[in-house]
Undergrad: 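Quick one: the structure is below, questions incoming.
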Amino acid sequence: AEKRNKSDEELAEIAKLQTLVINGLASIEKGTVTEIQKTNSELVVLSNQKVTSILKALKEEGKVIRATEGRKTVFSLA
């Protein structure tokens, strides 16, 4: 499948979700995807995969740190 460019609406939605994830992480310091989702009602309704992809993008931008604690993957702000 060819990669299509995201519309302005999609980009705005992604930016909004990234802000929610960052704010959620700031409130709990570190947590799993599920714990981060529970910080905001808009994140709870998203799939775990969607939140994971947002976290991956934030990690690539250097805003989030991904770590493994035992068998859990936890995220924290950079």
Side-chain angles (χ1 to χ4, degrees):
E2 67 182 69
K3 201 169 182 180
R4 66 181 182 86
N5 289 332
K6 291 185 175 8
S7 68
D8 289 345
E9 274 179 32
E10 286 173 304
L11 292 172
E13 178 69 11
I14 291 166
K16 185 182 99 175
L17 292 174
Q18 285 184 339
T19 301
L20 292 175
V21 167
I22 288 171
N23 292 344
L25 256 179
S27 70
I28 61 174
E29 290 187 25
K30 69 175 181 179
T32 63
V33 172
T34 306
E35 289 165 345
I36 294 164
Q37 282 180 281
K38 289 178 181 170
T39 63
N40 184 289
S41 59
E42 287 186 63
L43 297 177
V44 168
V45 297
L46 298 177
S47 71
N48 189 294
Q49 288 85 349
K50 178 78 174 173
V51 177
T52 300
S53 79
I54 293 165
L55 284 159
K56 184 177 179 215
L58 289 169
K59 178 182 172 276
E60 287 169 3
E61 290 174 23
K63 295 179 180 173
V64 168
I65 297 166
R66 179 184 189 272
T68 307
E69 289 183 3
R71 292 176 47 217
K72 277 190 198 171
T73 300
V74 292
F75 296 89
S76 58
L77 293 178

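Owing to the predicted nature of the structure, the values given are computational and were not obtained by experimental measurement.
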Undergrad: Specify the closest pair of heavy atoms between A78 and G62, including all atoms of both residues, with the distance to one decimal.
TA: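 Scanning both residues, the minimum pair turns out to be CB-O, 3.1 Å.
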
Undergrad: Apart from I65 itself, what residues make up its hydrophobic cluster when side-chain heavy atoms of I, L, V, M, F, W and Y under 4.5 Å apart count as a link, directly or indirectly?
TA: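 Same cluster as I65: nobody, lone residue.
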
Undergrad: Any chance you could measure I28, atom CD1, to T39, atom OG1, to the nearest 0.5 Å?
TA: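 It is 6.0 Å, given to the nearest 0.5 Å.
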
Undergrad: Test side chain to side chain contact (heavy atoms under 4.5 Å, CB included) on L17 and L46; report intermediate values, then the result.
TA: CA-CA 10 Å; L17 292 174; L46 298 177; 3.8 Å; yes

Undergrad: Listed by chain and number, what are the side chain to side chain contact (heavy atoms under 4.5 Å, CB included) partners of S47, not counting sequence neighbours?
TA: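 Checked S47 against side chain to side chain contact (heavy atoms under 4.5 Å, CB included); matches are Q49, K50.
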
Undergrad: Does anything in residues 33-44 form a salt bridge (Lys or Arg N to Asp or Glu O under 4.0 Å)? List the pairs, not counting sequence neighbours.
TA: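 Pairs touching residues 33-44 that pass the test: K16-E42.
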
Undergrad: Check salt bridge (charged side-chain N to carboxylate O under 4.0 Å, His left out) between K30 and all other residues, then give those that pass, not counting sequence neighbours.
TA: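 So K30 forms a salt bridge (charged side-chain N to carboxylate O under 4.0 Å, His left out) with E69.
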
Undergrad: Any non-hydrogen side-chain atom of N23 less than 4.5 Å from a side-chain atom of N40?
TA: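 With C-beta onward as the side chain, the pair stays apart.
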
Undergrad: Applying salt bridge (Lys or Arg N to Asp or Glu O under 4.0 Å), which residue pairs with at least one partner in residues 18-28 are found, sequence neighbours left out?
TA: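 Sorted pair list comes back empty.
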
Undergrad: Taking only residues two or more places apart in sequence, or in another chain, which ones meet S7 in a side chain to side chain contact (heavy atoms under 4.5 Å, CB included)?
TA: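 If we apply the side chain to side chain contact (heavy atoms under 4.5 Å, CB included) test to S7, skipping adjacent residues, the hits are E9, E10.
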
Undergrad: Going by side chain to side chain contact (heavy atoms under 4.5 Å, CB included), name the residues that satisfy it together with I22, two or more places apart in sequence or in a different chain.
TA: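 L58, K63, L77.
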
Undergrad: Can you give me the closest heavy-atom contact between L25 and F75, atom names plus distance?
TA: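 Taking L25 first and F75 second, the nearest heavy atoms are CD2-O, 3.2 Å.
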
Undergrad: Identify the heavy atoms of V51 and L43 that sit nearest to each other, and give their distance.
TA: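 Residues V51 and L43, closest heavy atoms: CG2-O, 4.3 Å.
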
Undergrad: Rounded at 0.5 Å granularity, tell me how far OG1 in T73 sits from CZ in R71.
TA: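 Spacing of OG1 (T73) from CZ (R71) equals 11.0 Å.
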
Undergrad: Sequence neighbours excluded, which residues qualify as side chain to side chain donor-acceptor pair (under 3.5 Å) partners of N48?
TA: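 Once residues adjacent in sequence are excluded, the partners of N48 under the side chain to side chain donor-acceptor pair (under 3.5 Å) criterion are T52.
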
Undergrad: Kindly give the cluster partners of L11, where membership spreads through any ILVMFWY side chain lying under 4.5 Å from a current member.
TA: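 Traced through the cluster, L11 reaches no other member.
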
